[in-house]
Q: 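Once you've had a glance at the structure underneath, I'll fire off some questions.
Start at 1 with the first residue, then count along the sequence. Only this structure's heavy atoms are used, side chains among them; waters, hydrogens and symmetry mates stay out. Because the structure is predicted, anything quoted here is derived from the model rather than measured.
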Amino acid sequence: AVVSSRVRGTWFENVLTKINEERDKWPWLVVYQHRPIYNSNKNHGNWTGTNNYTNDDGSKPEHFGWPDRYEELIVKHRVDLVLAGHVHHYERSWPVKNRDNVTQSYNDVDKPVHITCGHGGKGLYKWMWDFEDRSTYGKVPPAFSAARDHDNWGHCELDFIDTKTVQHRMYLMGESEPQEDIIITKLNGAKVQATLALSAFIPALCLALIAI
């Protein structure tokens with residue numbers, strides 16, 4: 001569990017704390033992890049039921065993972081983006097915390113945006129769980145889900161334009177033009193002059209790397 005009394009929790013909080021002490025140097029804080037916190041795909045369970053999809057009958061799925069203390073840490077320390085894989089689909093969240101606290105806009109964002117870019121391995125489900133006429137999504141997407149795709153192969157890119165603006169693009173396999181081209185602006189950008197560029201989910205500016 002990621003709690004202050006455990007080694008991983010202590011390390012992770014220390015990293016986030018030190019970064020925020022010099023946030024003028026590191027205006028963008030990106031966490032990359034294997035399993036997503038927010039996921040509406042019924043395949044390949046990821047987190048506790050708190051932040052997952054809701055079944056069509058209103059019940060929560062029985063999934064086990066890190067407790068909600070982890071999300072408290074990334075919100076407390078003003079993490080901007082959470083990038084993940086694990087689930088073999090694409091999903092982009094709205095700015096969100098505590099599952100139901102959602103802002104359906106990317107202007108002046110003050111909560112983490114979660115992006116699962118796992119559709120580079122989309123074909124796995126064909127051999128494991130999918131069968132004819134089966135949908136891996138519920139009838140109604142949860143409020144946190146801004147976009148999702150479990151039908152296509154693809155990849156994602158990020159360009160950090162300045163200290164307050166990042167451009168997210170999602171490409172389908174074989175396409176030269178992005179399927180999605182989203183601009184995200186932060187409410188509070190660091191007061192430094194900088195131009196930053198990152199792509200293909202390789203954050204070199206400021207990355208807290210945690211393997212699950």
Q: Indicate yes or no: does Lys25 engage Glu22 in a salt bridge with an N to O separation below 4.0 Å.
A: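 Judged by the 4.0 Å cut-off on N to carboxylate O distance, Lys25 and Glu22 do form a salt bridge.
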
Q: Do Lys164 and Asp110 pass the salt bridge (Lys or Arg N to Asp or Glu O under 4.0 Å) test, and can you show the C-alpha distance, the side-chain angles, and the key distance before you say yes or no?
A: CA-CA 11 Å; Lys164 292 187 65 174; Asp110 63 354; over 6 Å; no

Q: Shortest non-hydrogen contact from Ile74 to Ile37?
A: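 For Ile74 versus Ile37, the nearest heavy atoms are CD1-CD1, 3.8 Å.
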
Q: Taking side chain as C-beta onward, heavy atoms only, is Val82 less than 4.5 Å from Val113?
A: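 Not touching, per the 4.5 Å side-chain cut-off.
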
Q: Determine, stepwise, if the pair Asp149 / Asn152 fulfils side chain to side chain donor-acceptor pair (under 3.5 Å).
A: CA-CA 7 Å; Asp149 185 337; Asn152 296 289; 2.9 Å; yes

Q: Are any non-hydrogen side-chain atoms of His88 and Trp153 less than 4.5 angstrom apart?
A: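 A side-chain contact under 4.5 Å is absent here.
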
Q: To the nearest 0.5 angstrom, please state how far the CZ atom of Arg35 sits from the OG1 atom of Thr116.
A: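 Reported value, rounded in 0.5 Å steps: 12.5 Å.
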
Q: Decide yes or no on side-chain contact (heavy atoms from CB on, under 4.5 Å) for Ile19 and His77, but give the supporting numbers first.
A: CA-CA 9 Å; Ile19 289 170; His77 293 283; over 6 Å; no

Q: Compare all side-chain heavy atoms of His89 with those of Asn39 and state whether any distance is below 4.5 angstrom.
A: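 Yes, at least one pair of side-chain atoms sits under 4.5 Å.
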
Q: So, are Lys76 and Glu13 salt-bridged, with charged N and O less than 4.0 Å apart?
A: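 Judged by the 4.0 Å cut-off on N to carboxylate O distance, Lys76 and Glu13 do form a salt bridge.
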
Q: So Thr17 and Asn14, side chain to side chain donor-acceptor pair (under 3.5 Å) or not? Walk me through it.
A: CA-CA 5 Å; Thr17 298; Asn14 286 343; 5.4 Å; no

Q: Would a single hydrophobic cluster contain both Tyr171 and Ile183, if residues Ile, Leu, Val, Met, Phe, Trp and Tyr are joined by side-chain heavy-atom contacts under 4.5 Å?
A: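 Cluster IDs for Ile183 and Tyr171 differ.
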
Q: Is any side-chain heavy atom of Arg148 closer than 4.5 Å to a side-chain heavy atom of Pro142?
A: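 Sidechains of Pro142 and Arg148: in contact.
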
Q: Atom CD of residue position Glu177 - does it have more than 12 heavy atoms of other residues, nucleotides or ligands inside 6.0 Å?
A: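 Open.
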
Q: Do you know the tightest heavy-atom contact between His114 and Val96?
A: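 His114 and Val96 have their closest heavy atoms at CD2-CG1, 3.6 Å.
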
Q: Where is the tightest heavy-atom contact between Val31 and Phe12, given as atom of each residue plus distance?
A: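 Closest approach of Val31 to Phe12, heavy atoms only: CG2-CZ, 4.1 Å.
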
Q: Would you check if Gln104 and Pro95 make a side-chain contact, meaning some heavy-atom pair closer than 4.5 Å?
A: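 Gln104 does not reach Pro95 side chain to side chain.
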
Q: Test of understanding: clusters of I, L, V, M, F, W, Y form through side-chain heavy atoms closer than 4.5 Å, transitively. Do Tyr106 and Leu81 belong to the same one?
A: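 Tyr106 and Leu81: one cluster.
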
Q: Check whether any side-chain heavy atom of Ser145 lies under 4.5 Å from a side-chain heavy atom of Ser40, and answer yes or no.
A: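 Heavy-atom side-chain distance check passes, below 4.5 Å.
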
Q: Determine the minimum heavy-atom distance between His155 and Cys117, stating which atoms define it.
A: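 Scanning both residues, the minimum pair turns out to be C-SG, 3.7 Å.
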
Q: Considering non-hydrogen atoms only, spot the tightest contact between Glu71 and Lys97 and give its length.
A: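 Taking every non-hydrogen atom into account, OE2-CA, 3.4 Å.
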
Q: Given Met170 and Glu157, is the side-chain contact (heavy atoms from CB on, under 4.5 Å) satisfied, shown in steps?
A: CA-CA 6 Å; Met170 188 274 278; Glu157 296 181 1; over 6 Å; no

Q: Heavy-atom distance under 4.5 Å between the side chains of Glu91 and Ile115, does that happen here?
A: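 They are not in contact (no side-chain heavy atoms under 4.5 Å apart), so the answer is no.
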
Q: Between Val166 and Asp159, is there a side-chain heavy-atom distance shorter than 4.5 Å?
A: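 Counting from C-beta outward, Asp159 and Val166 never come under 4.5 Å.
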
Q: What's the verdict on side chain to side chain donor-acceptor pair (under 3.5 Å) for Gln167 and Arg169, showing C-alpha distance, side-chain angles and the deciding distance?
A: CA-CA 7 Å; Gln167 182 179 21; Arg169 295 185 298 272; 3.0 Å; yes

Q: Please state whether the rings of His34 and His86 are parallel, tilted or perpendicular, taking 30° and 60° as the class boundaries.
A: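 Because their plane-to-plane angle is over 60°, the rings of His34 and His86 count as perpendicular.
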
Q: With distance as the sole criterion, is a donor-acceptor pair present between the side chains of Tyr38 and Arg92 under 3.5 Å?
A: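 Arg92 and Tyr38 do not have a side-chain donor-acceptor pair below 3.5 Å.
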
Q: Apply side-chain contact (heavy atoms from CB on, under 4.5 Å) to Leu16 and Val79, showing your working.
A: CA-CA 8 Å; Leu16 296 179; Val79 169; 4.2 Å; yes

Q: Check the angle between the aromatic planes of Tyr90 and His119 and answer parallel, tilted or perpendicular using the 30° and 60° thresholds.
A: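 Tyr90 and His119: tilted rings.
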
Q: Quick check with a 6.0 Å cut-off and a 45 degree axis cone: is Lys186 positioned over the face of Trp28's six-membered ring?
A: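 Yes, cation above the ring, under 6.0 Å and within 45°.
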
Q: Does Asn98 reach the main-chain N or O of Asn101 with its side chain, forming a donor-acceptor pair under 3.5 Å?
A: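 Such a contact is absent between Asn98 side chain and Asn101 backbone.
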
Q: Donor-acceptor check, side chain of Asp80 to backbone of Leu29, threshold 3.5 angstrom: yes or no?
A: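 Yes, Asp80 side chain to Leu29 backbone: donor-acceptor pair under 3.5 Å.
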
Q: Are the side chain of Thr185 and the backbone N or O of Asp108 linked by a donor-acceptor pair below 3.5 Å?
A: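 A pair under 3.5 Å: yes.
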
Q: Looking at every non-hydrogen atom in both residues, tell me the closest pair between Asn107 and Ser105 and how far apart they are.
A: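 Nearest heavy atoms, Asn107 then Ser105: N-OG, 3.1 Å.
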
Q: Mind checking the CZ-CG spacing from Phe144 to Asp100? Nearest 0.5 Å is all I need.
A: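 Phe144 atom CZ to Asp100 atom CG measures 9.5 Å (nearest 0.5 Å).
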
Q: What verdict does the side-chain contact (heavy atoms from CB on, under 4.5 Å) test give for Thr103 and Lys111, after you've listed the backbone C-alpha separation in whole Å, the side-chain angles of each residue and the deciding distance to 0.1 Å?
A: CA-CA 8 Å; Thr103 301; Lys111 294 184 283 290; 2.7 Å; yes

Q: State yes or no: do Ile182 and Leu83 share one hydrophobic cluster built from I, L, V, M, F, W and Y residues joined by side-chain heavy-atom distances below 4.5 Å, directly or via other members?
A: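 Both belong to a single hydrophobic cluster.
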
